[in-house]
Amino acid sequence: IATFRAIRMLVLILLCAQNCALMMVASYSRSLPGPQYLASTAVLGGELLKSCFIFSVLMYEHGPCGVSSVFLYDVLGMGNDILKFAVPSFFYTIQGNLWFYGMSNMDSVTAAVTSQLKV
(Lines give C-alpha, C1' and ligand atoms only; values in the text may rest on other atoms or scores of the structure.)
Protein backbone atom coordinates (compact mmCIF):
# COMPACT_ATOMS: atom_id res chain seq x y z
CA ILE A 1 0.00 0.00 0.00
CA ALA A 2 2.86 2.39 0.77
CA THR A 3 4.35 1.78 -2.69
CA PHE A 4 1.01 2.47 -4.36
CA ARG A 5 0.65 5.72 -2.39
CA ALA A 6 4.20 6.77 -3.34
CA ILE A 7 3.50 6.12 -7.01
CA ARG A 8 0.30 8.17 -6.82
CA MET A 9 2.18 11.07 -5.22
CA LEU A 10 4.94 10.85 -7.82
CA VAL A 11 2.41 10.93 -10.65
CA LEU A 12 0.66 13.92 -9.07
CA ILE A 13 3.95 15.80 -8.72
CA LEU A 14 4.93 14.98 -12.31
CA LEU A 15 1.54 16.16 -13.62
CA CYS A 16 1.82 19.42 -11.69
CA ALA A 17 5.35 19.99 -12.99
CA GLN A 18 4.26 19.17 -16.55
CA ASN A 19 1.31 21.55 -16.34
CA CYS A 20 3.45 24.40 -14.97
CA ALA A 21 6.14 23.81 -17.58
CA LEU A 22 3.54 23.77 -20.35
CA MET A 23 2.14 27.10 -19.20
CA MET A 24 5.56 28.73 -18.97
CA VAL A 25 6.87 27.40 -22.28
CA ALA A 26 3.66 28.21 -24.18
CA SER A 27 3.49 31.71 -22.70
CA TYR A 28 7.13 32.36 -23.52
CA SER A 29 6.88 30.99 -27.05
CA ARG A 30 3.78 33.05 -27.80
CA SER A 31 5.44 36.25 -26.55
CA LEU A 32 8.52 36.00 -28.77
CA PRO A 33 8.82 38.57 -31.55
CA GLY A 34 8.48 37.43 -35.12
CA PRO A 35 6.03 35.16 -36.87
CA GLN A 36 3.80 33.11 -34.59
CA TYR A 37 3.17 29.42 -35.03
CA LEU A 38 -0.40 28.29 -35.55
CA ALA A 39 -2.18 27.11 -32.44
CA SER A 40 -3.75 24.30 -34.43
CA THR A 41 -0.27 23.05 -35.35
CA ALA A 42 0.70 22.90 -31.68
CA VAL A 43 -2.54 21.09 -30.79
CA LEU A 44 -2.01 18.58 -33.61
CA GLY A 45 1.59 18.04 -32.53
CA GLY A 46 0.49 17.35 -28.97
CA GLU A 47 -2.13 14.88 -30.12
CA LEU A 48 0.39 13.09 -32.34
CA LEU A 49 2.81 12.78 -29.41
CA LYS A 50 0.04 11.32 -27.25
CA SER A 51 -0.89 8.88 -30.03
CA CYS A 52 2.72 7.72 -30.40
CA PHE A 53 2.94 7.16 -26.64
CA ILE A 54 -0.33 5.18 -26.63
CA PHE A 55 0.81 2.99 -29.54
CA SER A 56 4.11 2.39 -27.75
CA VAL A 57 2.28 1.19 -24.64
CA LEU A 58 0.01 -1.01 -26.78
CA MET A 59 3.07 -2.47 -28.52
CA TYR A 60 4.64 -3.22 -25.17
CA GLU A 61 1.47 -4.84 -23.78
CA HIS A 62 0.18 -6.71 -26.85
CA GLY A 63 3.08 -6.98 -29.30
CA PRO A 64 2.93 -5.94 -32.98
CA CYS A 65 0.16 -8.39 -33.92
CA GLY A 66 -1.87 -7.52 -30.85
CA VAL A 67 -1.84 -3.81 -31.67
CA SER A 68 -3.52 -4.42 -35.02
CA SER A 69 -6.16 -6.67 -33.46
CA VAL A 70 -6.85 -4.15 -30.67
CA PHE A 71 -7.11 -1.37 -33.25
CA LEU A 72 -9.44 -3.37 -35.52
CA TYR A 73 -11.68 -4.56 -32.69
CA ASP A 74 -11.74 -1.51 -30.38
CA VAL A 75 -11.66 1.31 -32.93
CA LEU A 76 -12.95 0.11 -36.27
CA GLY A 77 -15.29 -2.50 -34.82
CA MET A 78 -17.25 0.01 -32.77
CA GLY A 79 -19.44 1.22 -35.64
CA ASN A 80 -21.79 4.00 -34.57
CA ASP A 81 -20.37 4.09 -31.05
CA ILE A 82 -17.37 5.96 -32.40
CA LEU A 83 -19.53 9.09 -32.61
CA LYS A 84 -19.66 9.07 -28.82
CA PHE A 85 -15.94 9.79 -28.90
CA ALA A 86 -15.93 12.08 -31.95
CA VAL A 87 -18.08 14.81 -30.41
CA PRO A 88 -15.99 15.25 -27.21
CA SER A 89 -12.83 15.04 -29.33
CA PHE A 90 -14.07 17.87 -31.51
CA PHE A 91 -14.72 20.07 -28.47
CA TYR A 92 -11.38 19.08 -26.94
CA THR A 93 -9.66 20.32 -30.11
CA ILE A 94 -11.54 23.61 -29.90
CA GLN A 95 -10.55 23.90 -26.22
CA GLY A 96 -6.89 23.37 -27.12
CA ASN A 97 -7.00 26.10 -29.75
CA LEU A 98 -8.77 28.47 -27.35
CA TRP A 99 -6.15 27.69 -24.72
CA PHE A 100 -3.42 28.93 -27.06
CA TYR A 101 -5.51 31.98 -27.90
CA GLY A 102 -5.81 32.71 -24.19
CA MET A 103 -2.06 32.23 -23.69
CA SER A 104 -1.46 34.78 -26.44
CA ASN A 105 -3.74 37.43 -24.93
CA MET A 106 -3.37 37.00 -21.14
CA ASP A 107 -0.43 36.90 -18.79
CA SER A 108 0.64 33.38 -17.87
CA VAL A 109 -0.68 33.43 -14.27
CA THR A 110 -4.16 34.57 -15.30
CA ALA A 111 -4.22 32.05 -18.15
CA ALA A 112 -3.10 29.22 -15.82
CA VAL A 113 -5.75 29.99 -13.19
CA THR A 114 -8.46 30.43 -15.81
CA SER A 115 -7.47 27.20 -17.52
CA GLN A 116 -7.53 25.24 -14.26
CA LEU A 117 -10.91 26.68 -13.29
CA LYS A 118 -12.25 25.78 -16.76
CA VAL A 119 -13.95 29.19 -16.98
Side-chain angles (χ1 to χ4, degrees):
I1 291 237
T3 306
F4 181 68
R5 186 177 176 100
I7 291 172
R8 286 177 51 188
M9 289 303 292
L10 177 66
V11 168
L12 178 63
I13 290 168
L14 288 174
L15 284 173
C16 289
Q18 182 263 341
N19 195 27
C20 291
L22 177 65
M23 292 286 180
M24 289 187 296
V25 169
S27 178
Y28 176 72
S29 69
R30 298 300 278 180
S31 67
L32 291 174
Q36 295 283 318
Y37 57 87
L38 295 173
S40 58
T41 303
V43 171
L44 177 67
E47 295 304 316
L48 289 175
L49 281 173
K50 286 185 226 177
S51 298
C52 289
F53 179 75
I54 290 168
F55 279 118
S56 299
V57 171
L58 285 174
M59 279 285 248
Y60 177 75
E61 289 181 349
H62 299 286
C65 296
V67 170
S68 60
S69 65
V70 166
F71 184 76
L72 288 173
Y73 177 74
D74 289 340
V75 177
L76 298 178
M78 293 181 72
N80 291 335
D81 287 341
I82 203 147
L83 289 176
K84 293 177 186 175
F85 298 106
V87 173
S89 298
F90 172 74
F91 287 114
Y92 180 74
T93 303
I94 290 174
Q95 177 194 10
N97 285 306
L98 289 174
W99 185 83
F100 275 98
Y101 179 76
M103 290 302 294
S104 298
N105 295 306
M106 292 190 282
D107 62 303
S108 57
V109 174
T110 305
V113 171
T114 306
S115 175
Q116 291 303 310
L117 291 174
K118 303 296 184 210
V119 174

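- Looking at heavy atoms from C-beta onward, N19 lies in side-chain contact with M23 at the 4.5 angstrom threshold.
- The hydrophobic clustering, which links ILVMFWY residues whose side-chain heavy atoms are closer than 4.5 Å, places L10 and F4 apart.
- Y37 and M103 fall within a single hydrophobic cluster, where Ile, Leu, Val, Met, Phe, Trp and Tyr side chains are chained together by heavy-atom contacts under 4.5 Å.
- Note that R30 lies outside the cation-pi zone of Y101, set by a 6.0 Å cut-off to the ring centre and a 45° limit from the axis.
- When hydrophobic clusters are built by joining Ile, Leu, Val, Met, Phe, Trp and Tyr residues whose side-chain heavy atoms come closer than 4.5 Å, directly or via intermediates, V67 is grouped together with V70.
- To the nearest 0.5 Å, atoms CG (L44) and CG (L49) are separated by 9.5 Å.
- Between the side chain of S27 and the backbone N or O of M24, no donor-acceptor pair lies under 3.5 Å.
- For the atom pair C65 SG and M59 CE, the distance stands at 9.5 Å (nearest 0.5 Å).
- Between the CD1 atom of I7 and the CG atom of L12 there is a distance of 13.5 Å, given to the nearest 0.5 Å.
- The same ILVMFWY cluster, assembled from side-chain heavy atoms under 4.5 Å apart, contains both L22 and V43.
- To the nearest 0.5 Å, atoms OG (S51) and CG (L58) are separated by 10.5 Å.
- Counting all heavy atoms, side chain and backbone alike, S69 lies closest to G66 at OG-O, 2.9 Å.
- If you chain together hydrophobic residues whose side chains sit under 4.5 Å apart, L98 and V87 fall into the same group.
- A distance of 12.0 Å separates OG1 in T110 from CG in N105, rounded to the nearest 0.5 Å.
- Between W99 and A26 the shortest heavy-atom distance is CH2-CB, 3.5 Å.
- The closest side-chain heavy-atom distance from Q36 to F100 is not below 4.5 Å.
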